Amino acid sequence: MTPAILFLEQQKATFTLHQYDCTAQDDFGAHAAGQLRVPLGQVFKTLLTEGEQGAVVALVPSSGKVNLKRLARAAGVKKLDMMPPVKAERLTGYKVGGISPFAQKKRLTTVLDASAADYPYVLVSGGKRGLSVGLAADEIATLLQARIADIAE
């Protein structure tokens, strides 16, 4: 049981668990989509960014990447850069490839890409490689107090 799953259960969230064999060393989203037989755009990656005002979490489809300018605007900050993986692991308490947006060590400003609303649910990391959770976009936004904006390209 990961901290993310425990958090979702404590919040009485409506979610589904999706386990798969994780043999990938990178592009975890494409690997998950292939194994779980869902469109790549339905699998969202959790990306950590940082700027002078602190860290911001971006949830974007694995089929694209985050637009840092649009993310900064949505988060209400001047400028953001990608956070080094080692720092992201230290800040969240999760390993790269399994960084969940839920139950991180500290609640961070989070922005969910608007394309999540295109699906009945999207998959995000459940807190370890090989484990995803499926939730509706509005449930993710509520649980994380996330902003929804067009941040992917």
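Index from 1, following the sequence. Small disclaimer: the values here were computed from a predicted structure and weren't measured.
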Is it the case that the side chain of Thr46 and the backbone of Phe44 share a donor-acceptor pair, with hydrogens and angles ignored and the cut-off at 3.5 Å? no
Could you tell me whether Arg37 atom CZ has more than 12 heavy atoms of other residues or ligands within 6.0 Å of it? no
Check the surroundings of atom CD in Gln19: do more than 12 heavy atoms from other residues, nucleotides or ligands lie under 6.0 Å from it? no
Ser115: what forms a side chain to side chain donor-acceptor pair (under 3.5 Å) with it, not counting sequence neighbours? Asp113
Is there a path from Leu48 to Val86 through hydrophobic residues (I, L, V, M, F, W, Y) whose side chains come within less than 4.5 Å of each other? no
Step by step, work out the side chain to side chain contact (heavy atoms under 4.5 Å, CB included) result for Leu91 and Leu108. CA-CA 10 Å; Leu91 184 64; Leu108 301 171; 3.7 Å; yes
Identify whether Leu71 and Val77 are in the same connected component of the hydrophobic contact network (ILVMFWY, side-chain heavy atoms under 4.5 Å). yes
Nearest heavy atoms of Val133 and Leu135, plus distance in Å: CG2-CD1, 3.6 Å
Please check this pair: side chain of Glu52 against backbone of Lys79, looking for a donor-acceptor N/O pair closer than 3.5 Å. no
Look only at the side chain of Lys105 and the backbone of Arg90, and say whether a donor-acceptor pair between them is shorter than 3.5 Å. yes
With clusters defined by side-chain heavy atoms of hydrophobic residues (ILVMFWY) lying less than 4.5 Å apart, directly or transitively, does Val124 cluster with Leu47? no
For a quick test of reading the model, state the closest non-hydrogen atom pair linking Leu80 to Gly51 and the distance between them. CD2-N, 3.7 Å
Does Thr2 reach the main-chain N or O of Gly126 with its side chain, forming a donor-acceptor pair under 3.5 Å? yes
Taking the side chain as C-beta and beyond, is there a heavy-atom pair between Lys65 and Val60 under 4.5 Å? no
Shared ILVMFWY cluster between Ile140 and Phe15, side chains joined below 4.5 angstrom? yes
Measure across Phe102 and Tyr94 and return the closest heavy-atom pair with its distance rounded to 0.1 Å. O-OH, 2.8 Å
Only residue of Ser62, Pro101, Ser63, Pro61 satisfying side chain to side chain contact (heavy atoms under 4.5 Å, CB included) with Lys45 is Ser62
Rounded to the nearest 0.5 Å, the CE atom of Met83 sits from the OG1 atom of Thr92 at a distance of 9.0 Å
Under 3.5 Å, is there a donor-acceptor pair between the side chain of Ser132 and the main chain of His18? no
Atom CD1 of Ile99 and atom NZ of Lys128: how far apart are they, to the nearest 0.5 Å? 16.0 Å
Report yes or no: do Val57 and Ile151 belong to one cluster of Ile/Leu/Val/Met/Phe/Trp/Tyr joined by side chain heavy-atom distances under 4.5 Å? no
Atom of Ala103, atom of Pro3 and distance for their closest heavy-atom approach: CB-O, 3.4 Å
Between Glu139 and Ala13 (side chain of the first, backbone of the second, donor and acceptor by atom type, cut-off under 3.5 Å), is there such a pair? no
Using a 3.5 Å cut-off and no angle test, enumerate the donor-acceptor pairs between side-chain atoms of residues 116-123 and protein atoms at least two apart in sequence or in another chain.
none

Please list, chain by chain and in numerical order, all residues satisfying salt bridge (charged side-chain N to carboxylate O under 4.0 Å, His left out) with Lys87, sequence neighbours excluded. Glu50
Nearest non-hydrogen partners of Thr49 and Met82, listed with the distance: CG2-SD, 3.8 Å
For Lys69, I'd like to know if atom NZ has over 12 heavy atoms of other residues, nucleotides or ligands within 6.0 Å. no
Shortest non-hydrogen contact from Ala74 toward Val111: CB-CG1, 4.0 Å
